[in-house]
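I have placed the structure first, in the form of structure tokens, so that the comments after it can refer back to it.
Here the structure is a predicted model, which is why all the values come from computation and not from measurement. In the text below, chain A, chain B and the rest are named by the order of the sequence lines, each starting its count at 1. Because only heavy atoms are used, hydrogens play no part in the values below, and waters and symmetry mates are left out as well, while side chains stay in.
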Amino acid sequence: MSIAPLARQFFDRPVLELARALIGVGLFVDGVGGTIVETEAYDAADPASHSFAGPTARNRAMFGPAGHAYVYRSYGIHWCFNLVAQPGSAVLIRALAPLAGLELMAQRRGVSEARLLCSGPGRLTQALGIDKSHDGLPLDAPPFRLVPGEAMGKVVSGPRIGITRNAEAPWRFGLSGSPHVSRRLR
DNA sequence: ACATCGATGTACT
DNA sequence: GTACATCGATGTC
């Protein structure tokens with residue numbers, strides 16, 4: 001028997017709550033993926049968020065229904081993958097503990113160490129093969145598969161990475177002690 | 001351990 | 001022209 005995927009309802013809630021609840025959730029693209037161990041929350045009232053200035057061609061998916069993907073290009077090089085929550089808000093997936101498809105991940109990433117496969121938002125999109133073609137797609141249908149997490153360790157929070165505006169807000173969440181987070185939390 | 005820098009698409013001034 | 005939700009390489013302590 002297979003595990004039931006996360007329902008659309010799971011994503012339709014305040015983004016800070018969702019960002020915390022996503023730690024421990026399984027994320028797979030065409031069967032390749034692992035357990036979410038690090039997230040960041042963004043919403044329309046937050047100056048650091050792409051949605052802050054209202055809808056644009058790039059951020060359109062952030063204003064669409066909950067439970068869809070928002071994918072954008074970062075620094076001209078990487079793709080970043082978000083899960084849309086309530087309108088104008090989304091959760092950036094920053095790191096996974098790899099579980100399935102390690103060989104394909106290593107091939108796509110050009111590295112073999114497990115720690116370097118999915119520990120960072122740009123790294124994990126490369127490892128899972130996520131790009132612009134996934135922008136706006138629903139998360140409860142192929143190629144995506146999101147499954148509820150088992151009981152995990154303690155979830156801790158701290159400031160987000162790589163932003164300048166509203167930089168103090170402790171809206172990054174991570175699994176305490178995980179070797180797979182992009183940067184340690186306290 | 002930390003600091004700096006290059007690569008470079010997209011949004012915005 | 002400048003900033004940016006990044007990464008990897010290189011240089012220094």
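- With pairs defined as Watson-Crick or G-U wobble and both atom distances under 3.5 Å, the stems of at least three pairs that touch DNA chain C come out as B:1-7 with C:6-12, B:9-12 with C:1-4.
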**OP:** Spell out protein contact along nucleotides 8-13 of chain C as letters: B when the base is contacted, S when just the sugar-phosphate is, - when no protein heavy atom is under 4.0 Å; keep the 5' to 3' order.
**Re:** S-----
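- With a 4.5 Å cut-off on side-chain heavy atoms, A:Asn166 and A:Pro47 count as touching.
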Show the atom names and distances, to 0.1 Å, of all donor-acceptor pairs under 3.5 Å that link a side chain in residues 25-39 of chain A to residues at least two apart or in another chain.
residue	atom	partner	partner atom	Å
A:Glu38	OE1	A:Ser182	N	2.6
A:Glu38	OE1	A:Ser182	OG	3.0
A:Glu38	OE2	A:Arg94	NE	2.9
A:Glu38	OE2	A:Arg172	NH1	2.6
A:Glu38	OE2	A:Ser182	OG	2.9
A:Thr39	OG1	A:Ala19	O	2.9

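- Near DNA chain B, defined here as any heavy-atom distance below 4.0 Å, there are no residues from residues 11-24 of chain A.
- Using modelled atom types and a 3.5 Å distance limit, the side chains of A:Arg109 and A:Gln126 yield a donor-acceptor pair.
- Considering only side-chain N and O atoms, A:His50 lies nowhere under 4.0 angstrom from the phosphate OP1 or OP2 of B:dA11.
- Proximity of A:Pro65 to A:Asp12: side-chain heavy atoms (C-beta onward) are nowhere separated by under 4.5 Å.
- Of the residues in residues 63-79 of chain A, A:Arg73, A:Tyr75, A:Gly76, A:Ile77 come within less than 4.0 Å of DNA chain B through at least one heavy atom, sorted by number.
- The nearest heavy atom of DNA chain C to A:Pro121 and to A:Thr164 marks one nucleotide each, and the one closer to the 5' end goes with A:Thr164.
- A:Ser119 and A:Arg123 form a side-chain donor-acceptor contact under 3.5 Å, judged by distance and modelled atom types alone.
- Using a 4.0 Å cutoff on non-hydrogen atoms, no part of residues 167-186 of chain A comes near DNA chain C.
- For A:Arg94, a side-chain nitrogen or oxygen approaches OP1 or OP2 of C:dT6 to under 4.0 Å.
- A:Leu175 has its side chain out of reach of A:Val156: every pair of non-hydrogen atoms, C-beta onward, lies at least 4.5 Å apart.
- Contact annotation: the side chain of A:Glu40 never approaches that of A:Pro121 to less than 4.5 Å [non-hydrogen atoms, C-beta and beyond].
- Judged by distance alone, with hydrogens and angles left aside, the side-chain atoms of A:Arg160 form a donor-acceptor pair with the main-chain N or O of A:Ala41 at under 3.5 Å.
- Checked by atom type and distance alone, the side chain of A:Asn82 pairs as donor or acceptor with a backbone atom of A:Tyr70 at under 3.5 Å.
- One P atom belongs to C:dC13, the other to B:dC5, and the distance between them is 15 Å to the nearest Å.
- Residue contacts for A:Leu92: at a heavy-atom cut-off of 4.0 Å it reaches a base atom on one of the strands shown.
- In summary, the aromatic rings of A:Phe11 and A:His68 are positioned with their centroids too far apart to meet the 6.0 Å limit.
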